[in-house]
Amino acid sequence: MLEKSLTTITNLRVRFHECDPLQIVWHGNYLKYFEEGREDFGREHGISYLDAQAEGFSTPIVKSLCEHKLPLKYSDAFRVETTFINSEAAKINFTYKIFKGENLICTGETLQVFLDENQELVLNNPPFFLDWKKKMKLL
């Protein structure tokens, strides 16, 4: 595995509709926060879902992990640290850390693969992805 990585920080605030009746964030919303981080990462580093789609690929999530440490509550400000983990394999691996101030709230990971226009698994890195890695100095 290659050692280099890239990180993006996304600042968010808990909205009312993300909470249960006790005003604690419902556990499934943490995966949505991870998605916010991935989308910000794509915009910041020039590798979005739309970029993959324009090249004829989709990138479905095939694995997601989420480990809760502390709860978030209604109106809490927090940040999502989204890190791309570089690999030689044809996959997109992100890790996440959610912080409220200095308190670690949650950690997680997602794994995405490449599917071609026929929805077939692609076992080699698509050219556009290799070009992006070169541009980011990840190769």
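Atoms considered below: every heavy atom in the structure, side chains included; atoms not considered: hydrogens, waters and symmetry mates.
- Scanning both residues, Tyr30 and Leu70, for their nearest heavy atoms gives OH-O, 4.2 Å.
- Taking the side-chain contact (heavy atoms from CB on, under 4.5 Å) definition, one finds that His27 meets it with His68, sequence neighbours left out.
- Counting heavy atoms of neighbouring residues, nucleotides and ligands inside a 6.0 Å radius, atom CG of Asn124 does not exceed 12 of them.
- Side-chain atoms of Asn86 come within 3.5 Å of backbone atoms of Leu138 as a donor-acceptor pair (strictly under, hydrogens ignored).
- Atom CG in Asn29 sits 11.5 Å away from atom SG in Cys106 (nearest 0.5 Å).
- Applying the ring pair (Phe, Tyr, Trp, His ring centres under 6.0 Å) rule to Phe34 yields the partners Tyr96; only residues at least two apart in sequence or on another chain are considered.
- When every heavy atom of Leu130 is checked against every heavy atom of Leu139, the shortest pair comes out as O-CD1, 3.7 Å.
- Proximity of Arg13 to Ser75: side-chain heavy atoms (C-beta onward) are separated by under 4.5 Å at one or more points.
- Phe16 belongs to a hydrophobic cluster with Tyr74, counting contacts under 4.5 Å between side-chain heavy atoms of Ile, Leu, Val, Met, Phe, Trp and Tyr, direct or through other members.
- Here Lys69 pairs with Glu67 under the salt bridge (Lys or Arg N to Asp or Glu O under 4.0 Å) rule; sequence neighbours left out.
- To the nearest 0.5 Å, the span separating CG on Leu111 from CD1 on Ile85 amounts to 11.5 Å.
- The closest donor-acceptor contact from the side chain of Trp132 to the backbone of Pro127 lies at 3.5 Å or more, if one exists at all.
- At a threshold of 4.5 Å between side-chain heavy atoms, the hydrophobic network of Ile, Leu, Val, Met, Phe, Trp and Tyr places Leu12 and Ile105 in one connected group.
- By the salt bridge (Lys or Arg N to Asp or Glu O under 4.0 Å) test, Arg15 pairs with Glu18, sequence neighbours left out.
- Note on Leu72 and Leu104: separate hydrophobic clusters, where clusters join Ile, Leu, Val, Met, Phe, Trp and Tyr whose side-chain heavy atoms are under 4.5 Å apart, directly or indirectly.
- Legend: residues meeting salt bridge (Lys or Arg N to Asp or Glu O under 4.0 Å) with Lys100, ordered by chain and number and at least two apart, are Asp76.
- Here salt bridge (Lys or Arg N to Asp or Glu O under 4.0 Å) pairs that include residues 104-126, with residues two or more places apart or in two chains, number zero.
- Linking Ile, Leu, Val, Met, Phe, Trp and Tyr whenever their side-chain heavy atoms come within less than 4.5 Å leaves Leu31 and Leu65 in two separate clusters.
- With sequence neighbours excluded, the residues forming a salt bridge (Lys or Arg N to Asp or Glu O under 4.0 Å) with Glu81 are Arg79, listed by chain and number.
- Of all heavy-atom pairs between Val122 and Leu115, the closest is CG2-C, 4.0 Å.
- Side-chain contact between Met136 and Phe84 is absent, with no heavy atoms from C-beta onward closer than 4.5 Å.
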Output side-chain donor-acceptor pairs under 3.5 Å for residues 53-63, partner residues at least two apart or in another chain, one line each.
{"from": "Thr59", "atom 1": "OG1", "to": "Gln112", "atom 2": "NE2", "distance (Å)": "3.4"}

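- Shown here are the side-chain contact (heavy atoms from CB on, under 4.5 Å) partners of Ala89, two or more places apart in sequence or in another chain: Ser87, Lys91.
- Under the ring pair (Phe, Tyr, Trp, His ring centres under 6.0 Å) criterion, Phe114 pairs with Phe129, not counting sequence neighbours.
- Atoms CD1 and CD1, on Ile92 and Ile47 in that order, are 6.5 Å from each other to the nearest 0.5 Å.
- We find the OG1-CD distance between Thr10 and Glu35 to be 11.5 Å, quoted to the nearest 0.5 Å.
- Closest non-hydrogen pair, Glu44 versus Thr7, comes out as OE2-O, 4.3 Å.
- Using a 4.5 Å heavy-atom cutoff, the side chains of Tyr33 and Val25 are in contact.
- Closest of all the heavy-atom pairs between Phe41 and Thr8 is CD1-OG1, 3.3 Å.
- One hydrophobic cluster, built from ILVMFWY side chains closer than 4.5 Å, cannot hold both Phe128 and Val113; they sit in different ones.
- With hydrogens and angles disregarded, a donor-acceptor distance shorter than 3.5 Å links the side chain of Asp51 to the backbone of Ser48.
- We find the OG1-CG distance between Thr110 and Asn93 to be 7.0 Å, quoted to the nearest 0.5 Å.
- The backbone N or O of Glu88 lies less than 3.5 Å from a partner atom in the side chain of Asn125, making a donor-acceptor pair.
- Partners of Leu22 under the side-chain contact (heavy atoms from CB on, under 4.5 Å) rule, at least two apart in sequence or in another chain, are Asp20, Ile24.
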